[in-house]
Amino acid sequence: MKVLYRLREAGYAAYLVGGCVRDMLLGREPKDFDVSTDAHPEQVKELFRNCRLIGRRFHLAHVHFGREIIEVATFRALASGEDDGEDRLVENGRIIRDNVYGTIEEDAWRRDFTVNALYYNIDDFSVVDYVGGVEDLRAGVLRLIGDPETRYREDPVRMLRAVRFAVKLGFRLHPHTEAPLRALAPLLAGISPARLYEEVLKLFLAGSAEQTVEMLRHYDLFQHLFPGAERSMSAAREGIAPAMILRAAANTDARIAQDKPVTPAFLYAAFLWTPMRERSLALQEQGQPELPALQQAAREVMQEQSQHAILPRRYALPMREIWQMQPRLQRIGGKKALRLLEHPRFRAAYDFLLLRCEAGEDLGESCEWWTRMQETDETGRQALCEQTGKRADGEGRRKRRRRGGRRRGGAAAGGQTGDQP
Ligand code: ATP
Ligand code: MG
């Protein structure tokens, strides 16, 4: 309100726009507030001390109130053809630069969906609608403004946004908005991995990740974000890979519903687990020991992923730690178990072990054992660790049988090394 009224007092037009108007009309709490104005960014900056101009492609003003940021954007036009000049650059139908200032009506037409192009006017408390957004909002329809194919080609990320808003709002896609999705999905290959990652965060950390995975797969979009995950899912319709991915998504949703923290590291660890594991097993068959095989497989899988929805380094490290702790958690007992409990990534790695169990992997007693370890006291832990360290999973059991039921030694004799492949 402060931003709106100060702009108006200075003689400019100022409206709330986009997601916040849409969400308020639906009775939802807006995530953030965007303002649209005819003042140019420099003029906005003159009015607010707490204002920064940002953006290389778009000149935007950010007005700061403590931790809150109100984004103030100048009306822009979707300029056509000849008068594009220097300010708007289109390559193969994609918008590269978009800096032509325009009227409020032009600003409405360049937005993505009709329900995202509504303006709240403080002069008379009305909602300004040039594109039929109010009607679509009432009907629960997500409709791209203009010719869908042209609009998707301009910015293929709009395909991901279509899925995101359909899930978030519980809207159905208008048939014309839906129709080109599968055919145009490959255009996502032209989007930078960093921008795809930003979209992945919005898609999967907003509380409806499970439904989002299903819908992205339905429109062949998922493979352009996580190609390895898609291959592993379609190879085994009922198997561990789809179960891992959908359960990880459901767990993330449940945690968000309970206000618990979530991290992309865990989600990526689950999405890429099967591709990594299959590669790791292949390397072990060629004679590599388990840990180096896992590390090389992780590098290869992340190398492919970095061409798509890349995971930033600060999350890639914890993700690899979750993976690397798995073989250690698949052994139970032994002296090293106590130290493992203290590992900063223990909790995430343990949650991941449970996820693998739930998804149908044969991990023997290990899940149960580590659960008991955490529930008991110091003495109980010591007692649990008195057992010889051993592989608890199917692999360990197979090995023991092959070795002719080798007898277990005492706690001191075995440690963690007894059954290492
Ligand atoms: P959310 O509540 O998830 O933030 P939002 O509608 O505010 O939803 P933003 O990504 O914050 O979405 O974008 C703000 C507004 O900017 C949108 O409502 C839309 O009008 C416009 N917009 C954003 N991205 C695009 C795009 N790729 N193409 C066209 N218009 C866009
Ligand atoms: Mg927003």
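As the structure lists them, so they are numbered: ligands from 1, and atoms in each ligand from 1. Keep in mind it's a predicted model, so treat the numbers as computed, not measured.
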Counting only heavy atoms closer than 4.0 Å, does ligand 1 sit against the backbone of [X], its side chain, both, or neither?
{"X": "F113", "result": "neither"}
{"X": "K31", "result": "side chain"}
{"X": "D155", "result": "side chain"}
{"X": "D34", "result": "side chain"}
{"X": "R110", "result": "backbone"}

Which residue and atom name correspond to the protein heavy atom nearest [atom], and how close is it?
{"atom": "atom 3 (O) of ligand 1", "answer": "R164 NH1, 2.7 Å"}
{"atom": "atom 21 (C) of ligand 1", "answer": "R111 NH1, 3.5 Å"}
{"atom": "atom 10 (O) of ligand 1", "answer": "R161 NH1, 2.8 Å"}

Taking only heavy atoms of [X], which atoms of ligand 1 are found under 4.0 Å from at least one of them?
{"X": "G18", "answer": "18 (O)"}
{"X": "G19", "answer": "5 (P), 6 (O), 7 (O), 18 (O)"}
{"X": "K168", "answer": "1 (P), 2 (O), 3 (O)"}

Steps toward side-chain contact (heavy atoms from CB on, under 4.5 Å) verdict (V115, L142)
CA-CA 7 Å; V115 295; L142 196 68; 3.8 Å; yes
Ligand 1 contact by V157, heavy-atom criterion under 4.0 angstrom
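The answer is no, since V157 has no heavy atom less than 4.0 Å from ligand 1.
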Could you tabulate the donor-acceptor pairs under 3.5 Å formed by side-chain atoms of residues 15-31, not counting sequence neighbours?
{"residue": "R22", "atom": "NH1", "partner": "N116", "partner atom": "OD1", "Å": "2.6"}
{"residue": "R28", "atom": "NH2", "partner": "K168", "partner atom": "O", "Å": "2.6"}

Atom name, D32 (N, O or S, nearest to the Mg ion (ligand 2)):
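For D32, the N, O or S atom at the smallest distance from the Mg ion (ligand 2) is OD1.
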Output, in order, the C-alpha distance, side-chain angles, deciding distance and verdict of salt bridge (charged side-chain N to carboxylate O under 4.0 Å, His left out) for R217 and D220.
CA-CA 5 Å; R217 293 194 74 212; D220 297 344; over 6 Å; no
So does E304 have more than 12 non-hydrogen atoms from other groups sitting under 6.0 Å from CD?
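More than 12 heavy atoms, drawn from other residues, nucleotides or ligands, come within 6.0 Å of this atom.
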Looking at M276 and A297, what are the two nearest heavy atoms and their distance?
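Nearest heavy atoms, M276 then A297: O-CB, 3.4 Å.
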Partner residues of E71 under the salt bridge (charged side-chain N to carboxylate O under 4.0 Å, His left out) criterion, sequence neighbours left out:
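Applying salt bridge (charged side-chain N to carboxylate O under 4.0 Å, His left out) to E71 gives none.
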Take the angle between the ring planes of F222 and F226 and call it parallel below 30°, perpendicular above 60°, tilted in between.
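Ring orientation of F222 relative to F226: tilted.
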Verify the distance criterion only: is there a donor paired with an acceptor across the side chains of E178 and Y219 at less than 3.5 Å?
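Yes, side-chain donor-acceptor contact under 3.5 Å.
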